[in-house]
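Notes for the one structure printed next.
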Amino acid sequence: RGKAPDLWNRKEEDVIKQLDDLKMELSHQPVSTVTGDGGCLCIVRKSMARVLSVIHQAQEELEEVQAKPLYLRPKKMRVIRRRLKLHRESLMTKETQWMLRLYSTRMFAVKM
């Protein structure tokens with residue numbers, strides 16, 4: 001079937017060709033399982049998933065390498081660009097939520 005490290009060393013055309021072959025094999029699989037000379041569907045699906053993940057990771061790495069031109073980049077200071085977005089900054093872990101609920105700020109009414 002092929003393993004992921006082997007797929008990384010191949011050319012892009014070969015990987016896409018292997019994906020097409022796996023798709024064809026999956027389309028013919030139900031017919032061959034009835035006749036008795038076929039393998040398991042899950043093996044073909046896992047192989048397809050492995051090939052697709054290698055393709056997508058390679059595309060992501062290519063996009064990271066190709067930087068945007070200077071005039072399309074945001075014009076903020078570097079520190080501000082590196083900062084978390086407001087939504088991500090406000091998120092809390094389960095443990096933090098639990099601690100805040102357990103040890104919340106106490107309010108007392110004082111009689112005068």
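Side chains included, hydrogens not; waters and symmetry mates left out as well; all remaining heavy atoms used. Predicted model only: the values in this text are computed from it and were never measured.
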TODO: Begin with the C-alpha distance, continue with both residues' side-chain angles, and end with the deciding distance and a verdict on side-chain contact (heavy atoms from CB on, under 4.5 Å) for L100 and M92.
DONE: CA-CA 10 Å; L100 281 175; M92 285 191 276; 3.4 Å; yes
Task: Min side-chain heavy-atom separation V54-R10 under 4.5 Å - done: no
Open item on the list: So for atom NZ, which belongs to K94, do other residues, nucleotides or ligands contribute more than 12 heavy atoms lying within a distance under 6.0 Å?
Closed with: no
Open item on the list: Do V51 and M48 have side chains that approach each other closer than 4.5 Å (heavy atoms only, starting at C-beta)?
Closed with: no
Task: With R82 via side chain to side chain contact (heavy atoms under 4.5 Å, CB included) - residues at least two apart - done: R78
Task: Side-chain touch L7/Q18, heavy atoms, less than 4.5 angstrom - done: yes
TODO: Drop me the distance from R45's CZ to S47's OG, to the nearest 0.5 angstrom.
DONE: 12.0 Å
Open item on the list: Counting only heavy atoms from other residues, nucleotides and ligands, does the tally under 6.0 Å from CG of L84 exceed 12?
Closed with: yes
Open item on the list: So for atom CD, which belongs to Q97, do other residues, nucleotides or ligands contribute more than 12 heavy atoms lying within a distance under 6.0 Å?
Closed with: yes
Open item on the list: For a 4.5 angstrom cut-off between non-hydrogen side-chain atoms, does V15 reach K11?
Closed with: no
Open item on the list: Once side chain to side chain contact (heavy atoms under 4.5 Å, CB included) is applied, do any residues pair with H56, and if so which ones, sequence neighbours excluded?
Closed with: L52, Q59
- [ ] Measure the spacing between CD1 of I43 and CD of E25 and express it to the nearest 0.5 Å.
- [x] 9.5 Å
Open item on the list: So, using salt bridge (Lys or Arg N to Asp or Glu O under 4.0 Å) as the criterion, who are the partners of D21 when residues are at least two apart?
Closed with: K17
Open item on the list: Within this structure, what is the OG1-CZ distance for the pair T96 and R101, rounded to the nearest 0.5 Å?
Closed with: 11.5 Å
- [ ] Nearest 0.5 Å please: distance from the CE atom of M24 over to the CG atom of L19.
- [x] 12.5 Å
